Participant: 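The structure under discussion is supplied below as structure tokens; questions concerning it will follow.
Just so it is clear, the structure is predicted and the values come from calculations on it, not from any experiment. Here is how names work: the chains are called A, B, and so on, in the same order as the sequence lines, proteins then strands, and each is numbered from 1.
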Amino acid sequence: MTLKAVKGFKDILPEEARKRQKIEEVARQVFEGCGLQEVRTPILEKTEVFARGIGEHTDIVEKEMYTFKDRNGQLLTLRPEATAGILRAVIEHKLYNVSPVLKFYTMGPMFRHERPQKGRLRQFHQLNVEYIGSDSPVADAEVIFLAYEVVSRFASEEDLLLEINSLGCPQCRPLHRKDLVYFLKNNMEDLCKDCQRRSQLNPLRVFDCKNEQCQKVLKFAPVMKHYICPECASHMGKVLDALEAFGIPFVQNPYLVRGLDYYRRTTFELRAKGLGAQSTVAAGGRYDGLSRLFDGPELPGVGMAIGVERLLLLMKGELEAEEVDLFIAALGSEARTEALYWLGYLRRNGLRVEYSLEDKSLKAQMKQADRVGARYCLIVGEREMDEEEAILRNMETKEQEILDLDDLPEILLEKTKS
RNA sequence: GUGGGCGUAGCUCAGUUGGUUAGAGCGUCGGGUUGUGGCCCCGGAGGUCGAGGGUUCAAAUCCCUCCGCUCACCCCA
């Protein structure tokens, strides 16, 4: 095999494409039903957009981005996530002047150079929601509602777990961070190598460590909950109240943290059973500080992303095939030419009609009609052409009736309408 | 970047202590019905056994190297 797709990039073949269409259809319906508007930003951005937004020292920026120079020497990056590009667009077009609160959704491919595994590809797809311009806790709850609503259409709710936490704000978070770093420093010898490294780069991440020894130590580590300022605490409380009002079950996880630097206050993950190690199907949070990193105005925001590939893993069973209304089996050049006229007429009138591209035996054409799941089959050969008639066969009941060629398309349209 | 598992037909997989033209089921195409689908019967097409090298009279099978896929670590949606 000489020519293959690039590692971590997959062909989406018909069966899977249909499932994705379904996912996108449901997502659109849910999002637009809640008053969101679709935006589509470029897949390619100046590297700076992500370097500034996501954080210079995150793994994503340091080693996972597809970054390259174009022919003019411009440093560009395939987007590894959606939020930075959307916020860039909002600021570039001053959309915050159009409306004080923007409710956007987008969907499409993202790119990260990671080692592929179950539920993780290098080109992956997300459904994204961004609420920009509101610092209301109800915005947080609505975003979470949207994630839960879409995911629960494809997964049983008992398999889902919504975890939520507050990361605090620039007033209270640094206090916690300082104490945590101090704590980690004092317990350095009891931590695994990874956590020793993490405690330097991204201290909050140590809480994710699966090492038992580390977890023992971390039981005594300072937790954000005890540092949170009254404003953040009140915000969190209102988010939780709203979630309860929406009827969405959740658990608080004081150790839940985020990989991206721009998150503030509310953060959440929606996890699902049966996904393997990559169990998060949707995640998001509040990013009030991001706009200013882009030299934009003070602009609060909250958003989330649903991983489409992970949603696909949760979808059970096959989608039933679209029904074909009619198959036209024509034999001989005269009938086959006439059939093209009917085909055009019926298709223009919204009927789903199929036809054999090759002049095959009737048996072969019937077989094809059966395979595509046609409800009716129109049979026209030389004999019928001579008699100026055609046979309409109900594929299920095997009943056949003889139709006059005069006004045939109109009659077919009438008879095969479901 | 690190570690484990797996590479035989389009798909799912058999293939004995190394042994002659590498098999099955499904799918596909055709025939059984010179003009009627599914079920049944018969037949055809389709493989550099992941690649290269080595051992051997003989390798899908044993050894080495590489490549690919996959799961997990890392990290993250």
Side-chain angles (χ1 to χ4, degrees), chain A residues 1-8 10 13 15 54 58-65 79-83 107 109-129 147 151 192-195 197-198 201-202 205 208-211 256-260 267-272 275-285 303-313 324 327 329-332 335 356 358 360-385 391-400:
Chain A
M1 204 79 54
T2 48
L3 249 34
K4 300 192 65 179
V6 174
K7 185 200 273 288
K10 287 218 321 193
L13 301 178
E15 192 187 327
I54 296 172
T58 57
D59 267 32
I60 293 178
V61 170
E62 281 186 347
K63 49 192 188 194
E64 291 175 1
M65 295 202 309
R79 63 181 184 192
E81 55 97 43
T83 306
M107 45 185 74
M110 311 291 157
F111 305 85
R112 289 185 200 176
H113 191 111
E114 299 175 285
R115 195 76 165 256
Q117 69 184 76
K118 187 171 185 176
R120 189 170 75 182
L121 291 167
R122 290 180 174 179
Q123 177 182 337
F124 58 101
H125 299 76
Q126 290 185 336
L127 312 172
N128 291 269
V129 164
V151 172
C192 70
K193 252 200 313 201
D194 284 330
C195 283
R197 191 174 50 85
R198 275 189 279 245
L201 294 170
N202 198 349
R205 275 284 163 200
D208 285 348
C209 188
K210 293 173 184 82
N211 186 304
L256 187 66
V257 298
R258 304 272 69 213
L260 309 184
T267 187
F268 74 95
E269 275 188 35
L270 187 55
R271 296 232 294 270
L275 281 184
Q278 309 299 315
S279 61
T280 301
V281 65
M304 66 88 178
I306 298 173
V308 173
E309 282 73 14
R310 296 180 188 179
L311 210 47
L312 280 167
L313 291 172
V324 169
F327 187 95
L331 302 162
S356 171
E358 327 292 336
K360 292 192 291 194
S361 72
L362 179 59
K363 178 182 176 136
Q365 295 195 46
M366 293 295 294
K367 215 171 168 178
Q368 188 181 343
D370 184 58
R371 192 175 41 222
V372 301
R375 289 163 49 231
Y376 288 93
C377 183
L378 185 77
I379 301 166
V380 207
E382 285 169 32
R383 197 181 303 158
E384 287 73 23
M385 290 304 287
I391 301 167
L392 183 65
R393 178 183 178 86
N394 182 316
M395 294 297 279
E396 200 186 338
T397 65
K398 299 184 180 184
E399 284 170 55
Q400 299 195 160

Participant: Return the NE2 to CE distance between A:His113 and A:Met65, rounded to the nearest 0.5 Å.
Facilitator: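 A:His113 atom NE2 to A:Met65 atom CE measures 13.0 Å (nearest 0.5 Å).
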Participant: Does B:rC73 have its OP1 or OP2 closer than 4.0 Å to a side-chain nitrogen or oxygen of A:Gln117?
Facilitator: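 Yes.
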Participant: Within a reach of under 6.0 Å around CD of A:Glu382, are more than 12 heavy atoms found that belong to other residues, nucleotides or ligands?
Facilitator: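 Incorrect, the count does not exceed 12.
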Participant: Across the strands shown, which category fits A:Glu382 at heavy-atom distances under 4.0 angstrom: base, sugar-phosphate, nothing?
Facilitator: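 Base, at least one base atom sits under 4.0 Å.
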Participant: Please confirm whether any donor atom in the side chain of A:Gln365 sits under 3.5 Å from an acceptor in the base of B:rU36, or the reverse.
Facilitator: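 It does not, because no donor-acceptor pair links the side chain of A:Gln365 to the base of B:rU36 below 3.5 Å.
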Participant: Need one value for A:Ala369: base, sugar-phosphate or nothing, where a base atom within 4.0 Å counts as base even if backbone is also close, heavy atoms only.
Facilitator: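 Result for A:Ala369 = nothing.
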Participant: With rounding to the closest Å, how many angstrom separate the P atoms on B:rA58 and B:rC39?
Facilitator: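 Roughly 48 Å separates the two P atoms.
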Participant: Would you mind telling me which of B:rA72, B:rA77, B:rU36 lies closest to the side-chain atoms of A:Arg115?
Facilitator: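 Within the option list, the nearest is B:rA72.
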Participant: Taking the P atom of each, how far is B:rC69 from B:rA51, in whole Å?
Facilitator: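 Comparing P positions in B:rC69 and B:rA51 gives a spacing of 16 Å.
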Participant: Is there a Watson-Crick or G-U wobble partner for B:rC74 with both distances under 3.5 Å, and which nucleotide is it?
Facilitator: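 Answer to the pairing question: none, since B:rC74 forms no Watson-Crick or G-U pair.
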Participant: Quick test: give all pairs of protein nitrogen or oxygen and nucleotides 38-43 of chain B nitrogen or oxygen below 3.5 Å, distance rounded to 0.1 Å.
Facilitator:
| from | atom 1 | to | atom 2 | distance (Å) |
| --- | --- | --- | --- | --- |
| B:rG38 | O4' | A:Asp370 | OD2 | 3.0 |
| B:rG38 | O6 | A:Lys398 | NZ | 3.1 |

Participant: Would you measure the distance from the P atom in B:rU8 across to the matching atom in B:rU2 and give it in whole Å?
Facilitator: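 To the nearest whole Å, 26 Å.
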Participant: So if I take every side-chain heavy atom of A:Leu331 and compare against B:rA77, B:rA72, B:rG35, which nucleotide ends up nearest?
Facilitator: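 Nearest nucleotide to the side chain: B:rG35.
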Participant: Only pairs with both distances under 3.5 Å count, Watson-Crick or wobble alike; so what is the partner of B:rU48 in this structure?
Facilitator: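 Looking at the geometry, B:rU48 pairs with no nucleotide.
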Participant: Which nucleotide wins on minimum distance to the side chain of A:Met366, given the candidates B:rG68, B:rG37, B:rC75?
Facilitator: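 Of B:rG68, B:rG37, B:rC75, B:rG37 is nearest to the side chain of A:Met366.
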Participant: Between B:rG32 and B:rU70, how far apart are the C1' atoms? Round to whole Å, please.
Facilitator: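 One C1' to the other, the span is 45 Å.
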Participant: Need the pair for B:rA24. Rule: Watson-Crick or G-U wobble, both distances under 3.5 Å, any strand; none if unpaired.
Facilitator: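 Looking at the geometry, B:rA24 pairs with B:rU12.
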Participant: Tell me, do A:Met110 and A:Asn128 make a side-chain contact under 4.5 Å, heavy atoms counted?
Facilitator: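 Of all side-chain heavy-atom pairs linking A:Asn128 with A:Met110, at least one is under 4.5 Å.
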Participant: Using the C1' atom in both, what is the distance from B:rG68 to B:rC29, to the nearest Å?
Facilitator: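 It works out to 31 Å between them.
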Participant: Is a donor-acceptor pair below 3.5 Å formed from side chain A:Glu384 to base B:rG35, judging by atom type as modelled?
Facilitator: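 Checked by distance alone, the answer is yes.
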Participant: If you find the nucleotide of RNA chain B closest to A:Leu121 and the one closest to A:Lys7, which residue's nucleotide is nearer the 5' end?
Facilitator: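 Nearest-nucleotide comparison on RNA chain B picks A:Lys7.
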Participant: For A:Gly284, which contact category applies under a 4.0 Å heavy-atom criterion: base, sugar-phosphate, or nothing?
Facilitator: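 No contact at all - A:Gly284 keeps every heavy atom at 4.0 Å or more from the nucleic acid.
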Participant: What is the nucleic acid contact for A:Phe124, judged by heavy atoms within less than 4.0 Å: base, sugar-phosphate only, or nothing?
Facilitator: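 Base contact.
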Participant: Would you compute the distance between atom CZ of A:Arg393 and atom SG of A:Cys377 and round it to the nearest 0.5 angstrom?
Facilitator: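 Here the rounded value is 8.0 Å.
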Participant: Return the CG to CD distance between A:Leu256 and A:Glu269, rounded to the nearest 0.5 Å.
Facilitator: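 If we round to the nearest 0.5 Å, A:Leu256:CG and A:Glu269:CD are 5.0 Å apart.
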Participant: Roughly how many Å apart are B:rC67 and B:rG53, using the C1' atom of each and rounding to a whole number?
Facilitator: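 To the nearest whole Å, 14 Å.
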Participant: Roughly how far, to the nearest 0.5 Å, is the CZ atom of A:Arg122 from the NZ atom of A:Lys10?
Facilitator: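 It is 14.0 Å, given to the nearest 0.5 Å.
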Participant: Determine the Euclidean distance between corresponding C1' atoms of B:rC76 and B:rG15; express it in Å to zero decimal places.
Facilitator: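 It comes out at 43 Å once rounded to the nearest Å.
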Participant: With a 4.5 Å cut-off on side-chain heavy atoms, are A:Leu270 and A:Met304 touching?
Facilitator: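 They are not in side-chain contact.
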Participant: Could you tell me how far B:rC62 sits from B:rG46 if I compare only their P atoms? Round to whole Å.
Facilitator: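 Approximately 29 Å lies between the P atom of B:rG46 and that of B:rC62.
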Participant: Just N and O in the side chain of A:Gln278: are any of them under 4.0 Å from OP1 or OP2 of B:rC76?
Facilitator: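 Checking B:rC76 against A:Gln278, no side-chain N or O comes under 4.0 Å of OP1 or OP2.
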Participant: Mind checking A:Val281 for me? I need base, sugar-phosphate or nothing, with any heavy atom below 4.0 Å counting as a touch.
Facilitator: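 The answer is sugar-phosphate, as A:Val281 gets under 4.0 Å only of primed atoms, P, OP1 or OP2.
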Participant: Just to confirm, is there a sub-4.0 Å distance from OP1 or OP2 of B:rC29 to any side-chain nitrogen or oxygen of A:Arg371?
Facilitator: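 For B:rC29, OP1 or OP2 has a side-chain N or O of A:Arg371 closer than 4.0 Å.
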Participant: Measure the spacing between CD of A:Gln126 and CD of A:Glu309 and express it to the nearest 0.5 Å.
Facilitator: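 The distance works out to 9.0 Å.
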Participant: Would you give the length of the straight line joining atom CE of A:Met395 to atom CZ of A:Arg375, rounded to the nearest 0.5 angstrom?
Facilitator: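 Answer for the CE-CZ pair, A:Met395 versus A:Arg375, is 12.5 Å.
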Participant: Which nucleotide, if any, forms a Watson-Crick or G-U wobble pair with B:rG19, using both distances under 3.5 Å?
Facilitator: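 B:rG19 is paired with B:rC57.
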Participant: What's A:Ile306 touching, base or sugar-phosphate or nothing? Going by heavy atoms closer than 4.0 Å.
Facilitator: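 Since no nucleic acid heavy atom lies under 4.0 Å of A:Ile306, the category is nothing.
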